[in-house]
Amino acid sequence: MSPTSPSKLKIFIDSDLLFAGAASPGEHSASLVVLQMAEINLVDAVASEQVIAECERILGQKLAHKLPEMRLLVSRCLHVIPDPQPEDLDTHKGIADPKDLPILVAALGQDCRYLVTFNVRHYQPGHQNVAVLRPGEFVSRVRDLLARSDPDTM
């Protein structure tokens with residue numbers, strides 16, 4: 001996928017959303033809708049190598065037949081970035097669960113306004129520059145923003 005565009009809403013996708021989107025039995029799950037927003041270029045979606053590796057590992061263990069679908073979603077929807085360096089994490093210790101801190105730091109490093117995940121509590125107390133939302137909450141937020149018809153407010 002091409003690099004992200006500065007004019008679009010930029011979001012960071014966590015592995016649980018990617019897993020749920022790939023494993024979704026229907027086409028209307030909030031996780032899949034978020035990924036589809038990225039596919040049609042409504043938003044710029046970013047994920048780190050850690051996110052992709054986690055999703056591949058878990059999906060491979062639980063639903064290996066869905067791995068090709070997940071890889072297709074990644075190629076169509078996500079801009080994959082390198083993981084942050086250990087020294088990048090040091091200045092942010094304590095703002096997220098240590099296991100998930102690299103995800104939040106990667107989102108910050110990419111200037112993502114939202115981190116979309118089911119594990120909201122893992123990103124507490126969080127950082128003021130990144131809103132952490134569940135997929136359904138993010139879809140509702142985008143719906144509200146689009147209803148305002150002013151893209152500058154996104």
Residues two or more places apart in sequence or in another chain: which of them pass side chain to side chain contact (heavy atoms under 4.5 Å, CB included) with D111?
none

Is any side-chain heavy atom of V142 closer than 4.5 Å to one of M37?
yes

Sequence-distant partners of Q85, side-chain hydrogen bond (donor to acceptor under 3.5 Å, both in side chains), two or more places apart
none

Drop me the distance from L72's CG to K66's NZ, to the nearest 0.5 angstrom.
11.5 Å

Quick check: closest heavy atoms across A22 and E69, and the distance to 0.1 Å?
O-OE2, 3.4 Å

Sequence neighbours excluded, which residues qualify as side chain to side chain contact (heavy atoms under 4.5 Å, CB included) partners of E56?
I52, L67, M70, R71

Test of understanding: with side chain to side chain contact (heavy atoms under 4.5 Å, CB included), list the residues that count as partners of A20, not counting sequence neighbours.
S31, F118

Would you check if Q50 and I103 make a side-chain contact, meaning some heavy-atom pair closer than 4.5 Å?
yes

Just jot down the salt bridge (charged side-chain N to carboxylate O under 4.0 Å, His left out) partners of E137, sequence neighbours excluded, or say none.
R134

Quick one: list whatever passes side chain to side chain contact (heavy atoms under 4.5 Å, CB included) with E49, sequence neighbours left out.
V80, P82, D83

Which residues pass the side-chain hydrogen bond (donor to acceptor under 3.5 Å, both in side chains) test with D16, sequence neighbours left out?
T117, N119

Please report the C-alpha distance between L101 and H92 in whole Å, then the side-chain angles of each, then the deciding distance to 0.1 Å, and finally whether the side-chain contact (heavy atoms from CB on, under 4.5 Å) criterion is met.
CA-CA 8 Å; L101 183 60; H92 297 290; 4.0 Å; yes

Is there a side-chain contact between L35 and L18 in this structure, where contact means two heavy atoms from C-beta onward sitting under 4.5 Å apart?
yes

Using side-chain heavy atoms (C-beta onward) and a distance below 4.5 Å, is V34 in contact with I11?
yes

Please list every donor-acceptor pair under 3.5 Å in which a side-chain atom of residues 123-132 meets a protein atom from a residue at least two apart or in another chain.
unit_1 : atom_1 : unit_2 : atom_2 : d
Y123   : OH     : D14    : OD2    : 2.9
Q124   : NE2    : V120   : O      : 3.3
H127   : ND1    : N129   : N      : 3.0

NZ of K8 to CG of N41: how many Å apart, nearest 0.5 Å?
3.5 Å

Point-to-point distance, once rounded to the nearest 0.5 Å, from CZ of F138 to CG of L17:
9.5 Å

Set of salt bridge (charged side-chain N to carboxylate O under 4.0 Å, His left out) partners for K62, sequence neighbours left out:
none

Start with the C-alpha gap between L42 and L146, add the side-chain angles, then the distance that decides, and say whether side-chain contact (heavy atoms from CB on, under 4.5 Å) holds.
CA-CA 10 Å; L42 182 60; L146 289 172; 4.2 Å; yes

Tightest non-hydrogen contact, residues S15 and E54, listed as OG-OE1, 2.7 Å

Where is the tightest heavy-atom contact between P68 and A64, given as atom of each residue plus distance?
CD-O, 4.0 Å

Within-4.5 Å side-chain heavy-atom neighbours: P135 and V33
no

Any idea which heavy atoms bring L32 and G21 closest together, and the distance?
CD1-O, 3.7 Å

Pairs flagged by salt bridge (Lys or Arg N to Asp or Glu O under 4.0 Å) wherever residues 90-110 is involved - sequence neighbours left out
D90-K93

To the nearest 0.5 Å, atom CD1 of I13 lies from atom SG of C55 at 11.0 Å

For C77 and E39, the nearest pair of non-hydrogen atoms, with its separation, is SG-CB, 3.7 Å

Sequence-distant partners of R141, side-chain hydrogen bond (donor to acceptor under 3.5 Å, both in side chains), two or more places apart
Y114

